[in-house]
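Beneath this line is the structure, given in structure tokens, with notes to follow.
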Amino acid sequence: MAELVEKMTDVRLLQQFQAYLLVELQLAKPSVETYGREVLIFQRWLGSHTSDVAECTVVHVLDYLAARQEGGVDQRTVAKSISALRSLFQFSILEGLRSDNPALRIDLPKMAVKLPEVLRIEEVESILEHMDIRSPLGLRDRALFELIYSCGLRISEAVDLSMDRLFLDEEIVRVRGKGDKDRLVPMGKESIFWINEYLEFGRPTLLGNRIQTDKVFVNQLGKGLSRKGMWKRFSQASIRAGVSAKVHTLRHSFATHLLEGGADLRSVQELLGHSDISTTQVYTHLDKDDLRVYHKDYHPRG
């Protein structure tokens, strides 16, 4: 019976913690879900070690993180876990459950900078040209992926895009990014052309006589397109084009191609919706072939 009461208490604490993240800290729903998942794992570990959130010490937290690493999680997951626990203990202090935050005594692991995968321009063009524009779904796909590459959209930003945020005459799109922050992004001529084609010949067919939705990109049931649906369609087009790529590489390619074309870093930061320019700086990398060519062409001993 005591064990059941303890589990109910854990569940209640987790629910209240997630409400705190959502309402008080105004974190995005995916972040709340991630933190909640990390805290749930931590609670279960504490339960197996006869402790709880109110009584655990920094030694418990260190042992827990060591166990996670031994289980095979990477440094990025460890960092997420520490961040989640810092928020959990801060919430516990506010609730009067404890007076200290042991997770603040643990440093976040240093992360190796992982360079994003980037497609060559001809690879992007090949994937886009392998969309079957004879069908409404293919027309939608061409418009969708042209827009992502033209504007550097995140996957969530593309699937959540509503009709009232498209300004085709002005050649801009109003994007709602992380933290519900809006930004205006210019659209390229190609994306405008294919979106017009889709809106005239593709979307009405997909909607049919079903309940109307304000989402720009819809599936064969007339409902808003899901992330999973987008990933699947892009994967199919990539295979047909003979290119190994994931849909988020279009955003990475957008940023890299802009910088290679002479765009300044601050402008690319604004277009991508990055709050910190250090996030954008990862796109300033040059591959070894570029470095070899530049050294040969410009160094006096090249």
Side-chain angles (χ1 to χ4, degrees), residues 21-22 24-35 37-38 65 68-69 73-90 101 103-121 124 147-160 172-186 188 227 245-295:
L21 295 175
L22 199 61
E24 297 295 330
L25 299 189
Q26 296 186 342
L27 296 187
K29 190 176 179 180
S31 297
V32 173
E33 291 173 351
T34 298
Y35 277 29
R37 184 167 56 250
E38 290 298 325
L65 294 173
R68 292 295 305 277
Q69 288 181 295
V73 301
D74 58 18
Q75 294 292 81
R76 190 171 299 276
T77 301
V78 171
K80 286 181 181 178
S81 186
I82 294 173
S83 296
L85 295 182
R86 286 178 177 178
S87 295
L88 172 67
F89 290 126
Q90 181 59 37
N101 189 332
L104 290 177
R105 298 169 62 186
I106 302 172
D107 293 331
L108 292 172
K110 292 184 178 179
M111 311 282 254
V113 178
K114 184 179 180 182
L115 296 180
E117 296 180 13
V118 175
L119 298 171
R120 299 192 306 273
I121 295 175
V124 175
L147 182 66
I148 291 176
Y149 177 58
S150 176
C151 300
L153 302 187
R154 298 179 178 94
I155 296 173
S156 58
E157 293 170 347
V159 297
D160 290 340
I172 58 173
V173 58
R174 182 184 292 275
V175 181
R176 176 151 294 171
K178 289 186 176 180
D180 287 336
K181 293 181 180 178
D182 281 0
R183 68 183 188 277
L184 294 174
V185 183
R227 297 186 188 189
K246 297 179 181 178
V247 66
H248 64 261
T249 56
L250 289 179
R251 176 172 161 89
H252 298 327
S253 302
F254 160 85
T256 303
H257 295 165
L258 277 178
L259 290 168
E260 288 177 348
D264 67 272
L265 193 62
R266 187 69 67 180
S267 297
V268 176
Q269 176 193 4
E270 290 293 324
L271 292 171
L272 290 172
H274 286 161
S275 57
D276 191 336
I277 199 168
S278 63
T279 309
T280 318
Q281 285 174 332
V282 72
Y283 294 109
T284 60
H285 72 280
L286 295 171
D287 62 32
K288 293 179 180 178
D289 291 336
D290 289 333
L291 292 174
R292 199 172 288 117
V293 170
Y294 292 159
H295 184 276

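The chain is numbered in sequence order, starting from 1.
A distance-only check finds a donor-acceptor pair linking the side chain of T249 to the backbone of K246 [under 3.5 Å]. Of the possible donor and acceptor atoms, none in the side chain of S81 sits under 3.5 Å from a partner among the backbone N and O of T77.
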Can you check side chain to side chain contact (heavy atoms under 4.5 Å, CB included) on C151 and V175, steps first, answer last? CA-CA 9 Å; C151 300; V175 181; 5.7 Å; no
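Residues Y35 and S83 share a closest heavy-atom pair of OH-CB, 3.5 Å. Residue R251 comes nearest to G152 through the heavy atom pair NH1-O, 2.6 Å, listed as atom of the first residue, atom of the second, then distance. Residues L271 and L258 come closest through the heavy atom pair CD1-CD1, 3.7 Å. L119 approaches A245 most closely through the heavy-atom pair CD2-CB, 3.6 Å. Between L104 and R86 the shortest heavy-atom distance is CD2-CD, 3.9 Å. The shortest non-hydrogen separation linking R154 to G177 is NH1-CA, 4.1 Å.
From L108, atom CG reaches atom NZ of K80 across 13.0 Å, with rounding to the nearest 0.5 Å. Between the CD1 atom of I277 and the CG atom of L265 there is a distance of 4.0 Å, given to the nearest 0.5 Å. Going from atom NZ of K29 over to atom CG of L21 covers 14.0 Å, rounded to the nearest 0.5 Å. Separating the OG1 atom in T280 from the CD atom in E270 is a distance of 9.0 Å, to the nearest 0.5 Å. Atom CZ of residue R266 and atom CG of residue D264 lie 9.0 Å apart, to the nearest 0.5 angstrom. Atom-to-atom distance recorded for E260:CD and I121:CD1 is 7.0 Å, nearest 0.5 angstrom.
Under the 4.5 Å side-chain criterion, counting only non-hydrogen atoms from C-beta, E38 is in contact with R68.
Partner of E157 under the side-chain hydrogen bond (donor to acceptor under 3.5 Å, both in side chains) criterion, out of K178, R183, R176: R183 alone.
A donor-acceptor pair shorter than 3.5 Å cannot be found between the side chains of Q281 and Q269. Residues D276 and T279 bring no donor and acceptor atom of their side chains to less than 3.5 Å of each other.
Partners of Y149 by ring-ring contact (aromatic ring centres under 6.0 Å, His included), not counting sequence neighbours, listed by chain and number: H257.
A 6.0 Å sphere centred on CD of Q75 holds more than 12 heavy atoms belonging to other residues, nucleotides or ligands.
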